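Since this is a predicted model, take the numbers as computed values, not measurements.
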Amino acid sequence: MQLSKRFAIVVAGIIVFSLVIVTACRKHKMDGMDMPVKDINYPAAYVVNGESNTISVINLNSNTLTDTIELMTAGGNDMPMWPHHIYHFAAGGAHRLAVGVPGSDLSAGHGGNMGGMKGRVLIIDAIKGSISKDLEVPAMNHNAAFSPDGREIWTSQMEMEGKVLVFDAQNYTLKNTIRVGMEPAEVTFSADGTKAYVANGGDNTVSIIDPASKAVLTTIPVGENPVGAWVGQDGKMYLDNEDGQSISVIDVASNKIVQTIPLGFMPGSAAHLASRKELWVTDPDNGQVHFWVPDATGHLWVHGGKFNAGAGAHAVAITSDGATAYVTNQSAASVSVIKVSDHTKIKDIPVGKKPNGIVIKQ
């Protein structure tokens, strides 16, 4: 029997609508596991929530939480893995995220390897929100970072005999193993990409590496329990010493410490704001951010003031125009949005539990 014209239109509409639903709910398969595909095609801040085992995605246009990326192991186990810090690399229209997963809560401090604990590196498509690689590594790792050219992924191994593993960013094969100091934490690169820095928390040093040859150029003593050398746009690196409660200012060209800044509190991290010529250091115990400004000579940093963020203030990310900063608050489970020009808080955005690392894609 022939369908009426109206009924045929309705059926066709149902079919089209069904196709739209199927298309909108596409999934990406990772190591045999279906992962939901998102469309994060907007300027965004990605916040790693250690306890929740998720990444919160904040739309920078509206300063609202718009997406959540669930992190799982390759087998689909959704138990917390304690993801920690996150890095971004963009090339040819593709955006990738690298997340270090130590498997242990590092929010209260950055001790070394715990009884054979293994770490992981997760590589994530920043637009689709899907995990493209779940790479297990032999020991706890503090972070995973792309090399300046994006061809490699570097991650530390927080062991007494510390090392940095360098993987090919395309096929994920191990290319190099670099011996560094004891219990290395964060791995970072200078702004010009000429040097890599590894903070060795176990022996209070920082290893400086040539990214091309993988040779350790020098190892210099710093403060007690260094965690990470954070990038300056002024030819410097700013290394936070947790137990030493200080910042070691390292000159990239000479590999020398040119200033040690006493803080009077345990730092969470440091961020250099080139547009304002300010150095920010988070104060987790007091939920604040302190800032330093150049002295009259322009060569040394002096304390300029402080402002409120949230309980457990930890990591800082800044928009490309230098106008807005985002601070993760580990104890408050939020991100504070800061107007950089006058250090005022615009709002707090609730995210997952124990947010740690943050990175911005624009």
Side-chain angles (χ1 to χ4, degrees), residues 25-60 65-103 118-137 141-156 165-173 186-188 315 317 326 328 335 351-362:
C25 296
R26 289 176 303 155
K27 292 189 176 183
H28 171 77
K29 189 172 289 290
M30 189 277 293
D31 290 338
M33 178 176 57
D34 287 333
M35 302 293 291
V37 173
K38 301 181 181 298
D39 185 19
I40 310 172
N41 210 358
Y42 48 83
Y46 298 82
V47 181
V48 179
N49 304 305
E51 186 173 345
S52 297
N53 197 33
T54 61
I55 296 176
S56 294
V57 184
I58 296 171
N59 188 320
L60 302 186
L65 180 65
T66 49
D67 266 301
T68 300
I69 301 171
E70 301 286 342
L71 300 181
M72 297 182 181
T73 63
N77 184 354
D78 62 355
M79 293 177 62
M81 299 184 294
W82 295 104
H84 197 53
H85 284 176
I86 185 169
Y87 285 79
H88 168 250
F89 184 80
H95 292 264
R96 292 185 294 165
L97 305 171
V99 180
V101 186
K118 293 185 177 182
R120 311 188 83 86
V121 173
L122 300 181
I123 305 300
I124 301 170
D125 186 311
I127 305 298
K128 296 178 180 179
S130 54
I131 300 174
S132 56
K133 187 63 178 179
D134 177 1
L135 180 66
E136 186 178 81
V137 292
N141 54 343
H142 196 267
N143 75 315
F146 293 102
S147 61
D149 60 9
R151 295 178 180 177
E152 297 172 340
I153 299 164
W154 292 44
T155 189
S156 64
L165 305 180
V166 180
F167 293 90
D168 187 288
Q170 295 301 317
N171 59 29
Y172 306 107
T173 57
E186 197 85 1
V187 180
T188 54
Y326 296 81
T328 61
V335 171
V351 290
K353 295 180 181 179
K354 290 197 175 180
N356 291 297
I358 182 172
V359 72
I360 285 176
K361 169 182 69 69
Q362 290 185 275

Rounded distance (nearest 0.5 Å) linking atom [atom1] of [X] with atom [atom2] of [Y]:
{"X": "F167", "Y": "E152", "atom1": "CZ", "atom2": "CD", "result": "11.5 Å"}
{"X": "W154", "Y": "L165", "atom1": "CH2", "atom2": "CG", "result": "11.0 Å"}
{"X": "H85", "Y": "I358", "atom1": "NE2", "atom2": "CD1", "result": "11.0 Å"}
{"X": "R120", "Y": "L135", "atom1": "CZ", "atom2": "CG", "result": "8.5 Å"}
{"X": "I40", "Y": "K128", "atom1": "CD1", "atom2": "NZ", "result": "12.0 Å"}
{"X": "I123", "Y": "D134", "atom1": "CD1", "atom2": "CG", "result": "10.0 Å"}

query: Above 12 or not: heavy atoms from other molecules or residues under 6.0 Å from NZ of K361?
result: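 Check passes, neighbour count above 12.
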Just wondering, do [Y] and [X] contact through their side chains at under 4.5 Å, heavy atoms?
{"X": "I124", "Y": "V99", "value": "yes"}
{"X": "L97", "Y": "Y87", "value": "no"}
{"X": "K38", "Y": "I69", "value": "yes"}
{"X": "P83", "Y": "N356", "value": "no"}

task: Test S52 against every option in E70, K353, K354 by the side chain to side chain contact (heavy atoms under 4.5 Å, CB included) rule and name the one that passes.
output: K353
- prompt: Among all residues two or more places apart in sequence or in another chain, which pass the side-chain hydrogen bond (donor to acceptor under 3.5 Å, both in side chains) test with N171?
  reply: T173
query: Would you call the rings of H95 and H88 parallel, tilted or perpendicular if under 30° counts as parallel and over 60° as perpendicular?
result: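 Because their plane-to-plane angle is under 30°, the rings of H95 and H88 count as parallel.
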Polar contact flag, side-chain donor to acceptor under 3.5 angstrom, [X]-[Y]:
{"X": "N49", "Y": "T54", "value": "yes"}
{"X": "N141", "Y": "T155", "value": "yes"}
{"X": "Y42", "Y": "T66", "value": "yes"}

Are any side-chain N or O atoms of [X] and backbone N or O atoms of [Y], one a donor and one an acceptor, separated by less than 3.5 Å?
{"X": "N143", "Y": "V187", "result": "yes"}
{"X": "R96", "Y": "A169", "result": "yes"}
{"X": "Y46", "Y": "A126", "result": "yes"}
{"X": "S130", "Y": "V37", "result": "no"}

- request: Take S132 and Y172 through the side chain to side chain contact (heavy atoms under 4.5 Å, CB included) test and state the conclusion after the steps.
  value: CA-CA 11 Å; S132 56; Y172 306 107; 4.0 Å; yes
query: What pairs with D149 under salt bridge (Lys or Arg N to Asp or Glu O under 4.0 Å), at least two apart in sequence or on another chain?
result: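 Partners of D149 under the salt bridge (Lys or Arg N to Asp or Glu O under 4.0 Å) test: none.
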message: Would L71 and I55 count as a side chain to side chain contact (heavy atoms under 4.5 Å, CB included) here? Give the steps.
response: CA-CA 7 Å; L71 300 181; I55 296 176; 4.1 Å; yes
